[in-house]
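The analysis underlying the following values was restricted to heavy atoms, covering all of them including side chains, and did not include hydrogens, waters or symmetry mates.
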Amino acid sequence: MKKRLREALVVEGRYDRIRLLSVVDALIVETDGFGIFRDKEKRALLRRLAEERGLLVLTDSDAAGFVIRDHLAGFLPPEKIRHAYIPELRGKERRKTAPSKEGLLGVEGVPGEVILEALRRAGATFEEDAAPAAPDDAPRAGAPITKQDFYADGLTGSPDSAARREALLRRLSLPSRLSANRMLQVLNALYTREEYRELLRESESGKGEDIPR
């Protein structure tokens, strides 16, 4: 049985929408790729939906997907929008004759259980649940992970900081294109400070399997 989602979902295209409708019962709005940049009516619709229901954004993990996320974040109220991220999975969708330019599966090609996990991690409100999950910008109990931690741990401010962040993101099955600031928000939503330290050690030692959380 499909789960009913309270928030409206924002995806890039019709095949993404078809995929999501096989997994959840939800109101889904397509950006038509970069078409959202010039579609005033659709931007107005998204603003209204954000105010009334909240929005969950689920785009591909490639460069284009992040451009669309940034555009949406530029005109939608930040407290009304949450970001769900699919892992960077290599592969090709069935309907395509060749992989995408970056060789990554888009939303339409990702297994349903991976999509549901991405939505849960973002704080999606499933109406069957007793209580909603925490949004991805709400810190967990305990001392939060800070920008100072990132600096002390070499995730910012060092020549190899980008590579260190990418190794940790890969360990956590999160997109490597996450900015340092967005990465900090996601980590605080998913992990305690102690868990972060342990996962960082594992990513730098090459131990452990990639884990979805």
Side-chain angles (χ1 to χ4, degrees), residues 9-20 22-24 28 30-31 33-34 56-73 81-124 136-137 145 150 153-156 160-191 195-196 198-213:
L9 265 172
V10 184
V11 299
E12 293 184 49
R14 63 186 294 257
Y15 291 104
D16 298 331
R17 182 175 183 274
I18 292 170
R19 183 74 186 97
L20 264 295
S22 72
V23 178
V24 295
I28 303 177
E30 305 164 27
T31 69
F34 293 155
L56 278 165
V57 179
L58 183 62
T59 66
D60 296 349
S61 291
D62 58 8
F66 274 80
V67 169
I68 292 170
R69 286 183 190 273
D70 289 343
H71 180 75
L72 294 173
I81 181 172
R82 301 175 185 179
H83 291 270
Y85 300 98
I86 58 171
E88 291 181 340
L89 302 176
R90 314 296 298 185
K92 177 185 71 66
E93 289 80 3
R94 292 181 180 179
R95 69 181 179 87
K96 296 181 179 178
T97 58
S100 66
K101 182 178 180 180
E102 297 181 31
L104 300 176
L105 280 176
V107 170
E108 66 171 281
V110 173
E113 60 270 20
V114 175
I115 290 174
L116 283 174
E117 182 61 22
L119 295 175
R120 290 192 186 99
R121 292 168 69 178
D136 68 356
D137 56 356
I145 308 161
F150 269 21
D153 295 332
L155 296 177
T156 59
D160 62 347
S161 291
R164 285 173 177 263
R165 290 197 305 274
E166 184 173 350
L168 180 56
L169 288 167
R170 184 167 58 250
R171 172 79 178 91
L172 304 179
S173 295
L174 290 168
S176 61
R177 293 181 182 276
L178 281 181
S179 67
N181 286 338
R182 193 62 185 172
M183 179 180 176
L184 184 64
Q185 291 177 321
V186 173
L187 289 177
N188 271 312
L190 298 176
Y191 306 103
E195 289 170 336
Y196 154 73
E198 179 61 27
L199 291 165
L200 180 61
R201 285 193 291 270
E202 291 177 359
S203 72
E204 293 183 341
S205 67
K207 296 179 180 179
E209 299 178 355
D210 292 353
I211 52 172
R213 284 290 297 269

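Contact detail for Leu104 and Glu93: the closest heavy-atom pair is O-OE2, 4.3 Å. Looking at every heavy atom in both residues, Leu178 comes nearest to Phe66 through CD2-CE2, 3.9 Å. A pairwise comparison of heavy atoms in Ala84 and Leu119 identifies CB-CD2, 4.1 Å as the closest pair. The minimum heavy-atom distance between Glu204 and Asp153, with the atom names listed, is OE2-O, 4.1 Å. Minimum interatomic distance between Ile145 and Leu187 (heavy atoms only, all atoms of both residues): CD1-CB, 3.9 Å. Across all non-hydrogen atoms, the minimal contact from Tyr191 to Leu172 is OH-CD2, 3.5 Å.
With rounding to the nearest 0.5 Å, the separation of OH in Tyr15 from CG in Leu20 is 15.5 Å. Interatomic distance, Ser203 OG to Glu166 CD, rounded to the nearest 0.5 Å: 11.5 Å. In this structure, OG on Ser61 lies 10.0 Å from CG on Leu105, to the nearest 0.5 angstrom. Going from atom CG of Asp70 over to atom OG of Ser179 covers 8.0 Å, rounded to the nearest 0.5 Å. Distance CG/Leu168 to CZ/Arg171: 9.0 Å, rounded to 0.5 Å.
Remark: Arg17 engages Val11, Leu21, Ile28, Glu30 in a side-chain contact (heavy atoms from CB on, under 4.5 Å) (not counting sequence neighbours). Residues satisfying the side-chain contact (heavy atoms from CB on, under 4.5 Å) test with Ala63, not counting sequence neighbours, are Glu102, Arg177. The side-chain contact (heavy atoms from CB on, under 4.5 Å) search around Ala180 returns Thr156, Arg165, not counting sequence neighbours.
Under a cut-off of 6.0 angstrom, the local environment of CZ in Arg94 is sparse, with at most 12 non-hydrogen atoms contributed by other residues, nucleotides or ligands.
At distances below 3.5 Å, not a single donor-acceptor pair connects side-chain atoms of Asp160 with backbone N or O atoms of Ala163.
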Could you go through Arg201 and Tyr196, starting from their C-alpha distance and side-chain angles, then the distance that decides it, and tell me whether this counts as side-chain hydrogen bond (donor to acceptor under 3.5 Å, both in side chains)?
CA-CA 9 Å; Arg201 285 193 291 270; Tyr196 154 73; over 6 Å; no
Leu199 and Glu202: side-chain contact (heavy atoms from CB on, under 4.5 Å), yes or no, with the steps?
CA-CA 5 Å; Leu199 291 165; Glu202 291 177 359; 3.9 Å; yes
Between Arg19 and Ser22, is the side-chain hydrogen bond (donor to acceptor under 3.5 Å, both in side chains) condition met? List the steps.
CA-CA 5 Å; Arg19 183 74 186 97; Ser22 72; 2.6 Å; yes
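Partner of Thr59 under the side-chain contact (heavy atoms from CB on, under 4.5 Å) criterion, chosen from Thr31, Ile68, Val10: Ile68.
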